[in-house]
Q: 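Structure incoming, see below.
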Amino acid sequence: MTFLSQGRERRAVFTLATIFAFRMLGLFMILPVFSLYAHHLVGATPVLIGLALGIYGLSQACLQIPMGSLSDRFGRKPIITIGLILFALGSVVAALSHSITGVIIGRALQGTGAIGSTLIATVADVTQEQDRTKAMAVIGMVIGLSFSIAMVAGPMLSHWVGVSGLFWLTAGLAVCGLVMINTLVEPIQASALHRDSETVPLLLRQVLKTPELLRLDFGIFALHAILTASFIVVPVAIQQSANIPSSHLWYLYLPVLVLSFMAMLPLIIIAEKKRKMKPMFLLGIGALVVSLLMLANFYTHIWLITLAMVIFFTGFNLLEASLPSLVSKISPAGSKGTAMGVYSTSQFFGI
């Protein structure tokens, strides 16, 4: 059977992938410009700016597994619908806010729409077993592509609509997702539990007692903590070192992302095909260390900042692509979905 050969299955998977993309675009577009915008908000301090950027991840981390469990009980579409409504409401609150406190509340409300695990479970529901891995790969590619597009589109769009406009756009994308899930995807019954793609509460103890998985969970926690922390200060450093308007930051981000992707791709191929996962993993960590040391010492030199960002995103993308694969390979039999649930929760706690 060819990949997603049934029309209904194909349409459902690509609809769900598009909803994923809409959510990720809305979130990531804020990342490269928010710290510059936030300084103009009433009551803004460095601590509160960091909280506004990161509190979304805290809400997500706390509610990701519970929302997935609720979808098992009440159905996938109702939980996805509620999640998208909460995400849209949070975006509207952030868009209307003129104070850092209002943005923090909006971002926290955005995070309560924690439907990532439910969307993954829905993909499992609408695909046959032999197609499931490939369908999950589509979701993974969409998330990665969304990040790259958003890093370039965010600064560009903020020039025309402002950062509050980006929040309005995020709300609009959530509404589009609501329309799509309720018109293009047929009623979904949570079928038999998919241990390869869902979190099973009874298996949490087993997963949390596996040292190798805990190390990988800490790895994704640290990776996204570093990313979020860095983007509180990197846009400011770029603007101060080269006086680049926030609307033109994409001139820098676009070549940085393209070059880092080109550098990362052969490393991933070597890791998978030649079974050099551990050396590539260590190389990714080394790239992060070197880039952060460069940013710490040369944050007033735009060309060295640019080089540091290329090295940073090469290491980041390498680890981001490698870690889920390692989690999947190390997971105890029958607990892959639970291991990935803990992994995703660790990722959001890092944010």
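One is the number of the first residue; the rest follow in order along the sequence. Everything numeric here is computed off the predicted structure, so don't read it as measured data.
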Q: Would you say V152 ends up clustered with M262 if hydrophobic residues are merged whenever their side chains have heavy atoms under 4.5 Å apart, either directly or through other cluster members?
A: yes
Q: Do the side chains of V161 and W250 join up, straight or via other hydrophobic residues, at under 4.5 Å, putting them in one cluster?
A: yes
Q: With L295, which residues qualify under side-chain contact (heavy atoms from CB on, under 4.5 Å), at least two apart?
A: V234, L292, I305, A308
Q: Identify the two heavy atoms, one from F231 and one from P32, that lie closest to each other, and give their separation to 0.1 Å.
A: CD2-CA, 4.1 Å
Q: Check whether any side-chain heavy atom of T306 sits under 4.5 Å from a side-chain heavy atom of I238, and report yes or no.
A: no
Q: Is the shortest side-chain heavy-atom distance between I80 and L178 below 4.5 Å?
A: no
Q: Just verifying a value: how many Å separate Y56 OH and L51 CG, rounded to the nearest 0.5 Å?
A: 15.5 Å
Q: Is L223 close to L288 at the side-chain level, that is, under 4.5 Å between some pair of heavy atoms?
A: yes
Q: Would you check if P155 and Y253 make a side-chain contact, meaning some heavy-atom pair closer than 4.5 Å?
A: yes
Q: With sequence neighbours excluded, what pairs up with L307 under the side-chain contact (heavy atoms from CB on, under 4.5 Å) test?
A: M294, I311
Q: To check you understand the geometry: which heavy-atom pair defines the closest contact between M29 and A153, and what is its length?
A: SD-CB, 4.3 Å
Q: Under the side chain to side chain donor-acceptor pair (under 3.5 Å) rule, what pairs show up with a residue in residues 210-237, not counting sequence neighbours?
A: H224-E320, H224-Q347
Q: Quick check: is V290 connected to F281 through a chain of hydrophobic side chains (ILVMFWY, heavy atoms under 4.5 Å apart)?
A: no
Q: Please name all residues satisfying side-chain contact (heavy atoms from CB on, under 4.5 Å) with V236, sequence neighbours left out, ordered by chain then number.
A: S35, L36, H39, Q240
Q: For residues 90-98, please give each side-chain donor-acceptor pair under 3.5 Å, one per line with the distance, not counting sequence neighbours.
A:
{"from": "S91", "atom 1": "OG", "to": "F87", "atom 2": "O", "distance (Å)": "2.9"}
{"from": "S91", "atom 1": "OG", "to": "Q110", "atom 2": "NE2", "distance (Å)": "2.8"}
{"from": "S97", "atom 1": "OG", "to": "V93", "atom 2": "O", "distance (Å)": "2.6"}
{"from": "S97", "atom 1": "OG", "to": "G102", "atom 2": "O", "distance (Å)": "3.4"}

Q: Is S59 reaching over with its side chain to a backbone N or O of A108, donor-acceptor style, under 3.5 angstrom?
A: yes
Q: How many angstroms lie between CD1 in I226 and CZ in F221, if you round to the nearest 0.5 Å?
A: 10.0 Å
Q: List the steps and the verdict of side chain to side chain contact (heavy atoms under 4.5 Å, CB included) for K276 and I270.
A: CA-CA 6 Å; K276 299 287 187 181; I270 292 170; 4.1 Å; yes
Q: If I compare all heavy atoms of I115 with all of I79, which pair ends up nearest, and what's the gap?
A: CG2-O, 3.6 Å
Q: Flag the pair T345 / I65 as yes when at least one side-chain heavy-atom distance between them is below 4.5 Å, and no otherwise.
A: yes
Q: Any chain of hydrophobic side-chain contacts (each under 4.5 Å) joining L318 to F313?
A: no
Q: Looking at CE of M151 and CE of M309, how far apart are the two atoms once the value is rounded to the nearest 0.5 Å?
A: 6.0 Å
Q: What heavy-atom pair brings S158 and V33 nearest, and what distance separates the two atoms?
A: OG-CG1, 4.0 Å
Q: For T170, give me all partners under side chain to side chain donor-acceptor pair (under 3.5 Å), at least two apart in sequence or on another chain.
A: none
Q: Identify all side-chain donor-acceptor contacts of residues 19-26 below 3.5 Å with residues at least two apart in sequence or on another chain.
A:
{"from": "R23", "atom 1": "NH2", "to": "G113", "atom 2": "O", "distance (Å)": "3.4"}

Q: Are side-chain N/O atoms of R76 and T118 paired as donor and acceptor at under 3.5 Å?
A: no
Q: Please find the pair of heavy atoms, one from A52 and one from V103, that lie closest to each other, and give the distance.
A: CB-CG1, 4.3 Å
Q: How long is the straight-line distance from CD of Q64 back to OG of S69, given to the nearest 0.5 Å?
A: 11.0 Å
Q: Is T45 close to L48 at the side-chain level, that is, under 4.5 Å between some pair of heavy atoms?
A: yes
Q: Look at the side chain of S322 and the backbone N and O of L319, then say whether any donor-acceptor pair between them is shorter than 3.5 Å.
A: no
Q: Quick check for you: to the nearest 0.5 Å, what is the distance between T314 atom OG1 and M264 atom CE?
A: 8.5 Å
Q: Between atom CG of L254 and atom CG of L249, what is the distance when rounded to the nearest 0.5 Å?
A: 12.5 Å
Q: Grouping I, L, V, M, F, W and Y whenever their side-chain heavy atoms are under 4.5 Å apart, do L109 and I100 come out in a common cluster?
A: yes
Q: Using the rule given for side chain to side chain contact (heavy atoms under 4.5 Å, CB included), can you reason through F312 versus V256, listing the C-alpha separation, both sets of side-chain angles and the distance that settles it, and then say yes or no?
A: CA-CA 10 Å; F312 177 89; V256 162; over 6 Å; no
Q: Decide yes or no for S346 and F218: does some side-chain heavy atom of the first lie under 4.5 Å from some side-chain heavy atom of the second?
A: no
Q: Give me the ring orientation class for F167 and F34: parallel if the planes are under 30° apart, tilted from 30 to 60°, perpendicular past 60°.
A: perpendicular
Q: Hey, mind stepping through I285 and M280 against side chain to side chain contact (heavy atoms under 4.5 Å, CB included) and telling me if it holds?
A: CA-CA 9 Å; I285 295 172; M280 294 300 106; over 6 Å; no
Q: With sequence neighbours left out, what residues match F261 under ring pair (Phe, Tyr, Trp, His ring centres under 6.0 Å)?
A: none
Q: Do the non-hydrogen side-chain atoms of S99 and L41 ever get within less than 4.5 Å of each other?
A: no
Q: L63: which residues meet the side-chain contact (heavy atoms from CB on, under 4.5 Å) condition with it, sequence neighbours left out?
A: M67, T112, A114
Q: Check ring pair (Phe, Tyr, Trp, His ring centres under 6.0 Å) between H248 and all other residues, then give those that pass, not counting sequence neighbours.
A: Y251
Q: Indicate the atoms forming the closest heavy-atom contact of L184 with R11, along with that distance.
A: O-NE, 3.2 Å
Q: Applying side chain to side chain contact (heavy atoms under 4.5 Å, CB included), run through M180 and T18 and close with a yes or a no.
A: CA-CA 9 Å; M180 293 177 70; T18 302; 3.6 Å; yes
Q: Among all residues two or more places apart in sequence or in another chain, which pass the side chain to side chain donor-acceptor pair (under 3.5 Å) test with H301?
A: none
Q: Just jot down the ring pair (Phe, Tyr, Trp, His ring centres under 6.0 Å) partners of F28, sequence neighbours excluded, or say none.
A: F147
